[in-house]
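Everything on this sheet refers to the single structure shown next.
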Amino acid sequence: MSTYNKPGSKRPSYSSGSKPAGSNSRFSSRTSTSGPRTASRSTSTSSTPRSSFTGSKTSFSSRPTTRPGSKPFGRSPYKSGSSRPSSNRGGRGGKKSSFERIDVSRFISKATIVEKEEIYLPTHTFADFNIDPRLKAAIAHKQYIYPSPIQDKSIPHALEGRDILGIANTGTGKTAAFLIPIINKILLNNKETAIIIAPTRELALQIEKEFNEFAVGMKMWAVSCVGGAPIFAQIKNLRRGCNLVIGTPGRLLDLVKRGEIDLSTTRNVVLDEADRMLDMGFIDDITFLLEKTANDRQTFLFSATLPKPIEVLISRFTKDPVRVIVKTRDTSKNVEQDVVRVARGIDKIDVLCELLSNSAEFKKVIIFSEMKHAVEKLSNELVKRGFKANSIHGDKRHNERQRALKAFKEDQIDILVATDVAARGLDIPDVTHVINYEIPQTYDTYVHRIGRTGRASKKGVALTFVS
Ligand code: AMP
């Protein structure tokens with residue numbers, strides 16, 4: 001029994017059933033014998049030479065750090081297509097306009113008693129994969145022992161050059177599922193290039209980080225091209241040459257139009273979280289970028305859902321893809337979900353602060369709010385009231401967002417206040433609580449939000465404020 005309340009106090013009260021047994025296995029799927037669904041939490045008061053991928057404005061010979069053996073890309077004059085201004089876009093619109101009426105009971109789930117655990121039994125080990133020994137060593141160094149289901153099912157096909165369609169969301173190990181085959185290709189031929197397109201800067205940088213961890217000492221390079229970060233630094237890096245560009249659609253489009261990225265010889269393409277990019281209005285940009293890549297490319301497309309426009313992209317830009325479905329359950333059984341009721345006349349911020357200071361269990365908390373200014377205001381108020389908090393949202397400069405994320409990941413702050421777009425796809429270990437300070441606009445957003453906690457078989461708690 002865990003209690004977030006002292007008897008007699010006017011704090012939000014809550015008591016839960018037994019906790020799930022802890023498990024260290026990362027990619028296990030659990031079978032839950034669900035306890036009764038009861039609404040319980042409520043409150044009434046309360047310079048090494050590099051290789052191939054480069055822009056074209058300066059020739060290699062003018063730069064001492066240019067990678068030998070790589071040929072400069074020619075400027076690719078693009079005439080047709082999107083005429084929209086494309087610089088510095090981290091997302092367009094960013095939010096679904098439709099507001100879905102969600103039954104409050106869907107925010108409550110005590111079904112977290114886990115008695116049985118089904119461990120996924122991979123059919124391969126990493127040693128089985130036909131990959132370079134240096135890459136096997138890098139995988140071992142990252143302490144990946146067994147392939148996750150998506151890796152297990154897709155990597156053998158990807159290594160044979162097949163296109164992959166992965167129906168999977170964050171937390172399934174999809175990043176390594178595409179990075180491992182691509183890195184292996186580059187190890188075989190250092191002129192190989194790849195473009196990885198992701199919906200948000202944070203996700204793009206996370207992919208870059210994972211790539212850099214794998215590629216230590218392999219003399220292959222990635223450049224991140226994300227909106228909100230200085231474009232000239234990215235251009236400088238591109239001109240030095242690289243194998244991978246990882247970026248958000250708007251910025252990538254900008255760089256292609258400026259002739260800094262030539263995709264005509266790029267034979268490896270990854271679309272990560274394609275449905276999110278669609279939601280954010282990036283479909284034309286993606287189509288434009290895909291059209292620029294080489295015809296004999298290998299394409300990896302990951303999406304949690306398959307709306308019609310994504311099906312169209314698939315049929316247009318992939319060749320007989322291997323379909324791998326590794327959908328995590330709608331809402332994780334590891335996440336205990338409950339509502340916090342705020343009575344009329346009571347200030348929500350007071351209830352939140354009571355809740356946060358009432359229990360030591362709130363160790364690492366993400367609080368979601370809808371609007372950028374509301375996120376900023378809430379974060380400032382929490383700091384004023386003595387909490388270690390910071391915020392991420394679209395109005396913050398790229399560096400500020402990165403600083404806040406780093407501080408949160410490294411436990412220098414306990415609370416991160418975020419908008420949905422800014423937090424999309426983030427993989428932050430050990431988040432103990434997700435708090436929906438406002439009801440999300442759609443149930444899909446809710447599922448996405450609460451997926452920030454209860455990861456890697458750990459228990460998490462999701463609380464939604466309702467009035
Ligand atoms: P992703 O879905 O790619 O964001 O991955 C989720 C988390 O799982 C990341 O922290 C990865 O580093 C981790 N991960 C990916 N593959 C494996 C694996 N085979 N074994 C253990 N951890 C993994």
Side-chain angles (χ1 to χ4, degrees), residues 23-29 119-129 131 135-156 158-159 164-184 194 196-216 222 224 244 246 270-276 300-305 324-329 332 334-335 364 366 405-406 408-410 423-431 447-449 451-458 460:
S23 162
N24 291 327
S25 69
R26 252 193 136 126
F27 292 105
S28 56
S29 64
I119 308 279
Y120 174 77
L121 289 177
T123 46
H124 305 92
T125 66
F126 284 112
D128 296 337
F129 292 143
I131 52 176
L135 185 50
K136 283 188 184 166
I139 293 168
H141 188 72
K142 269 178 78 67
Q143 298 183 339
Y144 291 3
I145 299 164
Y146 294 106
S148 71
I150 190 140
Q151 294 160 4
D152 193 39
K153 291 175 189 167
S154 69
I155 289 176
L159 290 171
I164 303 291
L165 168 60
I167 311 299
N169 32 27
T170 310
T172 53
K174 64 183 165 58
T175 313
F178 61 77
L179 281 181
I180 288 171
I182 289 174
I183 292 172
N184 195 58
I196 299 173
I197 312 173
T200 62
R201 314 161 215 204
E202 282 74 16
L203 183 55
L205 296 180
Q206 217 161 270
I207 296 167
E208 186 195 17
K209 181 169 169 278
E210 188 144 352
F211 168 79
N212 286 333
E213 286 166 5
F214 276 124
V216 178
S224 63
L244 254 75
I246 305 168
V270 179
L271 292 183
D272 202 2
E273 301 201 356
D275 52 350
R276 297 278 155 200
F300 298 79
L301 190 149
F302 293 89
S303 194
T305 55
V324 182
I325 302 176
V326 187
K327 275 280 282 175
T328 46
R329 61 181 68 81
S332 169
N334 301 346
V335 182
K364 206 163 188 171
I366 301 183
L405 267 180
K406 187 163 181 281
F408 189 57
K409 279 186 179 169
E410 293 176 359
R424 199 158 275 170
L426 286 185
D427 179 37
I428 299 169
D430 304 326
V431 172
V447 172
H448 226 264
R449 285 182 181 182
R452 308 301 102 207
T453 184
R455 294 168 88 96
S457 301
K458 295 204 174 101

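Owing to the predicted nature of the structure, the values given are computational and were not obtained by experimental measurement. Order of appearance sets the numbers: ligands from 1, and atoms from 1 within every ligand.
- Every residue was checked against the side chain to side chain donor-acceptor pair (under 3.5 Å) condition with N184, not counting sequence neighbours, and none meets it.
- For ligand 1, the polar-atom distance check finds an N/O of T172 within less than 3.5 Å of one of the ligand's N/O atoms.
- Counting heavy atoms closer than 4.0 Å to ligand 1, residue Q151 contributes side-chain atoms (C-beta onward) but none from N, CA, C or O.
- Counting atoms of ligand 1 from 1 in the listed order, those under 4.0 Å from a heavy atom of G173 are 1 (P), 2 (O), 3 (O), 5 (O), 15 (C).
- Residue T175 places at least one N or O, backbone or side chain, under 3.5 Å from an N or O of ligand 1.
- Side-chain contact between V270 and I197 is absent, with no heavy-atom pair separated by less than 4.5 Å.
- The side-chain heavy atoms of E273 and S303, taken from C-beta on, include no pair separated by under 4.5 Å.
- Within 6.0 Å of NE2 on H141 lie no more than 12 heavy atoms contributed by other residues, nucleotides or ligands.
- Between F126 and F129, the angle of the ring planes goes over 60°, which puts this pair in the perpendicular group of the 30/60° scheme.
- Aromatic ring orientation, F178 versus F302: tilted (interplanar angle from 30° to 60°).
- For ligand 1, the atoms lying closer than 4.0 Å to a non-hydrogen atom of F126 are 19 (N).
- Counting the atoms of ligand 1 from 1 in the order shown, those under 4.0 Å from a heavy atom of Y146 are 18 (C), 19 (N), 20 (N).
- Per-residue contacts place S148 under 4.0 angstrom from the following atoms of ligand 1 (heavy atoms of the residue considered): 19 (N).
- Taking any N or O of A176, backbone or side chain, none lies under 3.5 Å from an N or O belonging to ligand 1.
- Residue pairs satisfying the salt bridge (Lys or Arg N to Asp or Glu O under 4.0 Å) criterion with at least one member in residues 135-149, sequence neighbours excluded, are listed as follows: K142-E213.
- For F302, no heavy-atom contact with ligand 1 is shorter than 4.0 Å.
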